[in-house]
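Below is one structure, written out as structure tokens; comments come after it.
Numbers here simply count residues along the sequence, with the first being 1. As the structure is a prediction and not an experimental result, all values here were calculated from the model.
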Amino acid sequence: MQQPWTLPWLCALLLGLMGFLVSGSDFQHHKYEDMVRALFAVQSECPYITRIYSIGHSVEGRHLYVLEFSDNPGNHEALEPEFKYVGNMHGNEVLGRELLIKFSQFLCEEYRNRNQRIVRLIHDTRIHILPSMNPDGYEVAARQGPEFNGYLVGRGNAREIDLNRDFPDLNALMYYYEKTKGRNHHLPLPDNWEHQVQPETLAVIKWMQNYNFILSANLHGGAVVANYPFDKSRDGRIRGRTTYSATPDDKIFRKLARTYSYAHGWMHKGWNCGDYFDEGITNGASWYSLSKGMQDFNYLYTNCFEITLELSCDKFPPASALPREWLGNREALVSYLEQVHHGIKGMVYDENNNPISKAEISVAGINHDVTAGVDGDYFRLLLPGTYTVTASAPGYLPFTSTVTVGPAEAIQVGFCSTHSKMRVDYDTDK
């Protein structure tokens, strides 16, 4: 077990970064074959902490490759949270793709250099990096290149479908449940949903079903702002107007967005690309309403909190701009990833020490529950404060405990359950 998570890690990272040379020759745009070679090169350089796997195929048959970082790749370790970065959902928004390739190289190199902040992240987190969700769209955009790329050319997949308008629309159901006091998490998918989405979307949804992701970011381009849920307005009758559409976890989503914005080189300054966003963050629906988007789907269907990072005014920046963009995003990519270790986490067992999967963890005053994974471990992102937390599962009486969360590492709160009552044990994870 590593040392507790504390704020002074910034100094350690800066020391490590001073030795990480950046030159224009290190940066280039990667077509599909180049990207695959780059990912496998990282896996070859750091074979004991990485794994490459495919979550599916694009319309044109390209693999959707994920690079995993972990001290035990290929395996979920109890109480170790799962995190993901997704890039290039829109094929012509390419900076996220290049940043995630570079970030993968950075994690490998800094681990080999024994940068303790990075070592700790990889030992205590299972990190999944999908550099390109839309490799077909990228190839269309890349054929035009940075100089001539249009605003929409290559945005969609090979069928010209916008993948960020392709997820099942769970917002309408959620907004109805809010009025009727219905379910507030893990909403059901519509019938035959697999036949209503694109192959890339289907692959990502199956990915979410197979891994208990806790925190995520989706990297886009065309603006510079950290965008948080909800993306879809609660009042669809309002046309030409924007309305703030808050989740029950609005305060922590704002904190997550600010974490990236203030660690970014210039996002937090507000004025970018001719637009102004206070602190460099925005509620999605307050900017413009969007239906069937990925970040809302993450929150409503899984345990995962996802924000959308708009990272560049130019959707397809020239290769010469990539070094500056990397320097502007490097610390933010690390700082945001560290946020997965805040709040509370723990195990839910029965009286025979068997894990209780799908046990529900609710926090008084926040109308959004999370569930334990198949190993009985749960993770609940929370801001510092004192909370009343309840664990419940079918066949067991619920048990409620008061927990105080600090600003640093997650508080470990475990529940041992019998068919008559649950018992709680908690301590700080050290």
### Message
Just by distance, no angles: are the side chains of S58 and D136 close enough, under 3.5 Å, to form a donor-acceptor pair?
### Response
yes
### Task
Please name the residue in the list T247, D249, N184 that meets the side-chain hydrogen bond (donor to acceptor under 3.5 Å, both in side chains) test with N367.
N184
### Message
Is the ring pair F297/F167 parallel, tilted or perpendicular, if the boundaries are 30 and 60 degrees?
### Response
tilted
### Task
Run the ring-centre check on Y53 versus Y65 and record whether the distance is less than 6.0 Å.
no
### Message
Whether the S233 and T243 side chains hold a donor-acceptor pair (N or O, under 3.5 Å, no angle test) is what I'd like checked.
### Response
yes
### Query
What do you reckon, are the aromatic ring centroids of Y85 and F83 less than 6.0 Å apart?
yes
### Task
Would you mind checking if K269 and E279 are paired as a salt bridge, meaning a charged N to carboxylate O distance below 4.0 Å?
no
### Task
Run the salt-bridge test on R155 and E93 with the 4.0 Å N-O cut-off and return the result as yes or no.
yes
### Pair E331 + R117: basic N to acidic O under 4.0 Å
yes
### Message
Just to verify, what does C304 make a disulfide (SG to SG under 2.5 Å) with, not counting sequence neighbours?
### Response
none
### Query
Should the ring pair Y276 and W271 be called parallel, tilted or perpendicular, given that the plane angle runs from 0 to 90° and is split at 30 and 60?
tilted
### Query
Between the side chains of N134 and E200, does any donor sit under 3.5 Å from an acceptor?
no
### Query
Do N157 and Q198 meet the criterion of a side-chain donor-acceptor pair at a distance under 3.5 Å?
yes
### Query
Mind checking whether F415 and Y378 have parallel, tilted or perpendicular rings, split at 30° and 60°?
tilted
### Message
Could you check whether R330 makes a cation-pi contact with F103, meaning its NZ or CZ is under 6.0 Å from the centre of the six-membered ring and within 45° of the ring axis?
### Response
no
### Query
So, do D166 and K292 sit near enough that their side-chain heavy atoms are less than 4.5 Å apart?
no
### Query
Does a donor on one side chain and an acceptor on the other come within less than 3.5 Å for H63 and S54?
yes
### Task
Establish, for the pair K84 and F213, whether the NZ or CZ atom is under 6.0 angstrom from the six-membered ring centre and no further than 45 degrees off its axis.
yes
### Query
Salt bridge between R126 and E82, side-chain N to carboxylate O under 4.0 Å?
yes
### Query
Hey, does the side chain of T402 reach the backbone of T388 with a donor-acceptor pair shorter than 3.5 angstrom?
no
#### Entry: Residue pair D169 / S291, side-chain donor-acceptor N/O under 3.5 Å
no
### Query
Okay, side chain of R234, backbone of N171: is any donor-acceptor separation there less than 3.5 Å?
no
#### Entry: Donor on one side chain, acceptor on other, H341 and T125, under 3.5 Å
yes
### Message
If we count only N and O atoms by modelled type, under 3.5 Å, do the side chains of Y301 and Q209 hold a donor and an acceptor together?
### Response
yes
### Query
How about H268 and W266: are their ring centroids closer than 6.0 Å?
no
### Distance-only polar pair, side chains of D162 and H90, donor-acceptor under 3.5 Å
yes
### Euclidean distance, T259 OG1 relative to R254 CZ, rounded to 0.5 Å
12.0 Å
### Message
Pairing donors with acceptors under 3.5 angstrom, does anything connect the side chains of Y244 and W287?
### Response
no
### Message
Assess the residue pair Y175 and S245 against the criterion (side-chain hydrogen bond (donor to acceptor under 3.5 Å, both in side chains)); give the C-alpha distance rounded to whole Å, side-chain angles, the decisive distance to 0.1 Å, and a yes or no.
### Response
CA-CA 10 Å; Y175 299 159; S245 189; 3.3 Å; yes
### Message
Under a 3.5 Å threshold, yes or no: a donor from one side chain and an acceptor from the other, between H220 and N218?
### Response
yes
#### Entry: Test: K31 and E139 ion pair at under 4.0 Å
no
### Task
Might you work through the side-chain contact (heavy atoms from CB on, under 4.5 Å) test for I307 and N227, ending with a clear yes or no?
CA-CA 6 Å; I307 67 172; N227 176 101; over 6 Å; no
